[in-house]
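I have placed the structure first, in the form of structure tokens, so that the comments after it can refer back to it.
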Amino acid sequence: MNFIEELRWRGMLHDIMPGTEEALTKEKVAGYIGFDPTADSLHIGSLVQIMILLHFQRAGHKPIALIGGATGMVGDPSGKSKERNLLNKAEIDKNMAGIQVQLEKILDFSTTTENHAELVNNYDWFDGFSFIDFIRDVGKHISINYMLAKDAVKSRMETGLSFTEFSYPLIQGYDFFVLNRDKNCRIQLGGSDQWGNIVTGTELIRRLGGTEAYAATTPLITKADGSKFGKTEGGNVWLDRKRTSPYKFYQYWINASDEDAEKYIKIFTLKPKEEIDELIKKHQEEPHLRLLQKELARDITIRVHSEEDLETAIEASNILFGKSTSASLAKLSEEDFLAVFDGVPQSEVSFSKLDGGELLLSEIAVAETGFLPSNGEFRRALKENSFSLNKDKVSDDIPISKDHLVAGKYLLLQRGKKKYFIAKFA
RNA sequence: GGGGAGAUUCCAGAGCGGCCAAAUGGGGCAGACUGUAAAUCUGUUGCGAAAGCUUCGAAGGUUCGAAUCCUUCUCUCCCCA
């Protein structure tokens with residue numbers, strides 16, 4: 001199965017330029033995807049693009065990850081309704097370092113591999129490239145009419161668009177040209193919102209007499225219920241464990257709906273078609289086992305984090321969602337407790353507050369830890385029978401004593417099925 | 001520059017002197033059902049234990065009483081030039 005066929009059955013192909021498939025079949029080429037250094041970590045939206053590069057590499061081609069050190073300073077108007085804030089060089093450098101680590105985890109960068117992945121930064125060729133040179137050597141080849149026809153530009157004609165953002169496609173197009181010229185890069189991949197930018201590149205390459213260049217894009221990942229992919233109430237789901245703990249990361253995938261899980265397992269795992277078909281079939285026979293979600297979460301968590309992180313996440317999930325009760329919780333040592341609940345939000349409470357024996361549960365849940373925003377919210381939770389202390393439902397506001405503590409210093413608070421919080425007494 | 005419409009609790013959007021912490025819908029949260037899914041049904045959704053307190057773009061005013069009336073200001077949208 002060639003690269004494009006692979007993407008096609010996985011539902012990862014949105015648009016493709018004619019001739020791309022033939023060109024890729026004929027020879028092994030280099031291809032690239034750009035990543036914006038807007039944060040020091042990528043989130044799972046970018047994971048789609050990384051997977052694309054991984055497939056590309058597995059098909060024998062050479063993946064290039066371009067970090068937009070220069071373009072990050074300009075800002076891509078695609079899909080943005082407002083002018084973007086610009087980043088400075090120092091921020092971008094810091095962000096690049098973080099992103100690099102994440103890419104290296106997934107793609108094979110070892111130079112002993114013939115088609116090893118490569119990381120480039122477009123700042124390297126834009127630094128020192130004067131404005132005059134740029135508009136003379138590059139701008140000359142692309143007409144204003146061509147630029148104005150772009151959706152990203154058209155949709156901003158009403159609200160306004162700075163010259164800076166207007167020039168963006170041209171800058172990204174030049175990246176493609178440079179990679180084409182210097183690294184025989186023949187294809188640019190990316191999200192469907194990048195189509196306009198990508199074809200500006202192929203156009204530029206044609207005008208400047210490079211080798212034939214191609215393009216393919218991935219569809220926007222959606223969720224069946226219409227909410228945005230990769231978001232939770234806490235914000236984006238990041239690849240960086242400090243921003244999104246492995247436990248939360250694992251939980252994000254475990255919570256995917258059936259419909260989404262079928263889609264995601266094709267996109268985010270490398271499992272072959274037969275295995276996935278089999279999994280889907282089994283899942284439909286015994287949906288309550290949630291094989292799809294488990295396999296999906298397992299595979300991605302290992303790829304992004306590690307086997308150990310997965311084990312811990314599963315263990316934590318079993319305790320939090322399994323049949324476990326306060327009894328099994330009480331048996332945990334402090335070490336196990338901490339390891340298991342690593343990703344659960346925590347807050348410290350002064351141990352001495354327990355002394356009088358009059359510290360109420362509500363005070364801990366609201367004032368001391370901020371787990372719930374107000375006492376009203378706490379009362380509501382009691383009324384709904386949705387509040388648990390150490391896995392036991394609570395129906396009244398009770399005074400907390402040292403006897404309630406797990407491993408001598410923790411309280412496991414819970415609102416509803418999925419929201420946990422740990423109060424640590426120290 | 002001229003004329004008009006508007007700004008309401010997370011969002012949309014009613015209310016147009018007391019019955020308004022403010023209809024309704026959406027969203028959020030929770031409960032039931034389940035499979036940590038979807039759908040459905042139910043409850044809940046400013047703070048406060050309560051009395052009560054603080055909210056309806058901002059500041060003043062009228063009134064026993066204002067989201068509702070008046071004045072000024074700020075911002076948004078539409079039409080004409």
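All values reported here derive from a predicted model rather than from experimental measurement. Order of the sequence lines sets the chain letters (A, B, ...), proteins ahead of strands, with each chain counted from 1. As a basis for the values below, the full set of heavy atoms in this structure was taken, side chains included, without hydrogen atoms, waters or symmetry mates.
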Interatomic distance at P, A39(B) relative to A30(B), whole Å: 15 Å

Could you check whether the side chain of Gln293(A) and the base of U36(B) have a donor-acceptor pair of N or O atoms closer than 3.5 Å, going by distance alone? no

Whole-Å C1' distance, U62(B) and G26(B): 38 Å

State whether Lys418(A) places a side-chain N or O below 4.0 Å from either non-bridging phosphate oxygen (OP1 or OP2) of A37(B). yes

Considering only the P atoms, how many Å lie between C80(B) and U72(B), rounded to the nearest integer? 28 Å

Could you state the CG-P distance from Leu372(A) to A30(B), rounded to the nearest angstrom? 11 Å

For Lys393(A), answer base if it contacts any base atom (sugar-phosphate contacts may also be present), sugar-phosphate if it contacts only those atoms, and nothing otherwise; contact means non-hydrogen atoms under 4.0 Å. sugar-phosphate

Suppose we define a pair by two distances each less than 3.5 Å, Watson-Crick or G-U wobble; what does U54(B) pair with here? none

Whom does G48(B) pair with, Watson-Crick or G-U wobble, provided both distances fall under 3.5 Å? none

According to the interplanar angle, ranging from 0 to 90°, do the rings of Phe229(A) and Tyr264(A) count as parallel (below 30°), tilted (30 to 60°) or perpendicular (above 60°)? perpendicular

So, Thr38(A) and Asp36(A): side-chain donor and acceptor under 3.5 Å apart, yes or no? no

Can you tell me, in whole Å, how much space there is between the C1' of U54(B) and that of A66(B)? 16 Å

When the P atoms of A23(B) and U45(B) are compared, how many Å lie between them, rounded to an integer? 11 Å

Suppose we define a pair by two distances each less than 3.5 Å, Watson-Crick or G-U wobble; what does A14(B) pair with here? none

Could you check whether the side chain of Lys294(A) and the base of U36(B) have a donor-acceptor pair of N or O atoms closer than 3.5 Å, going by distance alone? no

Pairwise C1' distance, U71(B) and U63(B) [rounded to whole Å]: 16 Å

With a 4.5 Å limit on heavy-atom distance, are the side chains of Lys409(A) and Val349(A) in contact? no

Residues Glu363(A) and Asn375(A): side-chain donor-acceptor under 3.5 angstrom: no

